[in-house]
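Notes to accompany the following structure.
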Amino acid sequence: MDFFDDIIIDIKQLTFSRGERYICKNIDIRIPRGKVTAIMGPSGTGKTTLLKLIGGQLKPDSGSIFLDGDDIPRLGRSDLFDVREKMGMLFQSGALFTDMTVFENVAFPLRVHTKLPQDMVRDIVLMKLHAVGLRGAAELMPSELSGGMGRRVALARAIVLDPALVMYDEPFTGQDPIAMGVLVNLIKKLNQALGHSSIIVSHDIKETLSIADYIYILADASVIAHGTPEQLKRNDSEQVRQFMQGLPDGPVPFHFPAADYETELMEGC
Amino acid sequence: MQAVADNLILLGRFVLERIAAIGRSGMILMHAVIARPDPATSFPLLVRQLYSVGVLSMIIIVVSGLFIGMVLALQGYTILVDYGTEQAVGQMVALSLVRELAPVVTALLFAGRAGSALTAEIGLMKTTEQLSSMEMIGVDPLRRIIAPRFWAGLISLPILTMIFSAVGIWGGLLVGVEWLGIYEGSFWSNMQNSVDFFDDIGNGLIKSLVFGLVVTWVAVFQGYDSVPTSEGISQATTKTVVYSSLAILGLDFILTALMFGDL
Amino acid sequence: MRNRGVELGVGIFMLVGALALAMLAINVSGLSLSNQQGTYKIYARFENVGGLTARSKVTMSGVTIGNVSSITIDRKKLMALVEMEINADVNYLTSDSSASILTAGLLGEKYIGVTSGAADDEILKEGDFIEDTQSSLVLEELIGKFLFNQASE
């Protein structure tokens, strides 16, 4: 397995619950360095939660998450902020700071974490904005951007510090086909050009399969399958096939758990 | 029996949840206050917040101060003129404004004008994941977002209270002297004889400091702790206004009893 | 630039606040900076202070020369003990001065009126007592006396 010679993130026996419900239970995931890894699964299976756990915004019930030897759940508050400089994260909504221009948004991590002179900050920001094709929008406010453009600006901000790891939270949801294509290309190109590792959380199968090097599928709080896209396409587990082919009903039920349909209808009589 | 037990469990959960909320708000206050400010970045942020919290509240404060001072003078005059002591209008206006009305009314207006805006702003930042993304960039939102807003509120309210008092007394002068014809000299001298700088104005200032602390604390906490949905934000905004108004009125009684009550 | 406007606004806000405080201090409470000179304490015992409170004025010939700082009971003589703070520049009250509790107008506040005596050689100092005092006029006592006199005539 040449993939796992060099791993950047090693998740061991991770358990996290909300109230009575397990979001993940004894999960093991390894993220190879320099590759695009996708974490897929139906909505509501805790994929975003997993990203927040990696980012240290949530603390797991048990288990560990190693990023280059640092166990994230056990870091103190200030160490955590240091480790986060190595991560970039693209949020589902873009999460641009609405009171700053596009330029200032992208410059923000640089201003906070480096003491670079003004003209260097300016050059780096313009380079990153150029990479996402929005150099011309530098002086706009986030409210003046379309959703897809906003996400690209957020992407520029996520990579401005050249992080070792970039996490994408549902980057394709709610995008028109063109914007989606642009983003897919961008993620792939940036990953190759800048050499960072990427984690994509998504349930858009076609787009994700086209760029992912390795895929984990989550369901019922655990990893039900993992492998390269080819391996997964050949996987004959029913659960995996249902998800990969987008069948409406199967082992992952269409119906939310409920009382028996007939009895409930009859009760009303 | 079962119903009683269920209700008891619900009550217990409710109480525990309240206590936990108090704990969370205390932690936020601690972080906001202790956060070591970096003057280069903190100062411009503070100035910006002083603008949106303080300067933008000025118009409503000036207008209400003016009218409340005018009404006080008018009401005081109609009562005092029966006893032939209408020169005491100045004293009455000044004392009631400086000791009581200016701190309380300013704080109530501030809670409605600036407190609710703070809650909504922070709540919206939370909903749009701006706070999370700031955290992921490696910046503590408590220091960057909460602390400057907190300090701006704490600084602004006493200043607004002073403006309210001054404008109110000027409004009283306008009605009492210009309109009702009280002799201006006795208006001022009665006032000066009865108002003490430290006991009256100083205590009013202390009140407004306490109110500023409470209102901004409630506002930033409700915003930071809000449920990140549009409904959650509207609830948090309502809570800010209700809780801080109740806290202001309750604390005002306690502070008044301590300061002027000869207890 | 927009930033400049914000800074100007905040600057004006702070200045207006400071001005309001100054106006309250000087115009409303009559605080004057020259008044920050020292004071000295003198005492007087009264049969009855009826209505005099701490912070009441102490005057001489109608001019304020200090104020009452505290009122307690002298437990030995069972009289009210009034502590007064007199401005330091009023350093010519003689030891035979008299203090009386007066009323400003019919319903007005109580204050202490001090009349200086003739003993030029002995000036009141910190901690001295004014022996010659006249208590507050209590309306009920006055009426009582009047009726008693009427009856005895």
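When reading the values below, keep in mind they use all heavy atoms of this one structure, side chains included, and skip hydrogens, waters and symmetry mates. Note on naming: letters A, B, ... go to the chains in the order of the sequence lines (proteins, then strands), and numbering restarts at 1 for each one. Predicted model only: the values in this text are computed from it and were never measured.
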Look at Arg111(A), His113(A), Glu85(A) and state which one has the largest set of heavy-atom pairs under 4.5 Å with chain B. His113(A)
Of Leu51(A), Ile199(A), Ile72(A), Leu161(A), the residue whose pairing with Met87(A) passes side-chain contact (heavy atoms from CB on, under 4.5 Å): Ile72(A)
Examine whether an atom of Thr127(B) lies under 4.5 Å from a heavy atom of chain A, and if so say whether it belongs to the side chain, the backbone or both; otherwise answer neither. neither
Report yes if the side chains of Ile187(A) and Pro171(A) come closer than 4.5 Å at any heavy-atom pair, otherwise no. yes
Walk me through whether Lys128(A) and Asp162(A) qualify under salt bridge (Lys or Arg N to Asp or Glu O under 4.0 Å). CA-CA 10 Å; Lys128(A) 301 291 177 187; Asp162(A) 290 322; 2.8 Å; yes
What part of Met89(A) gets closer than 4.5 Å to chain B, counting heavy atoms only: side chain, backbone, both or neither? side chain
So CD of Glu121(B) and CD1 of Ile145(B): to nearest 0.5 Å the spacing works out to 7.5 Å
Leu96(A) portion near chain B, given a 4.5 angstrom heavy-atom threshold: backbone
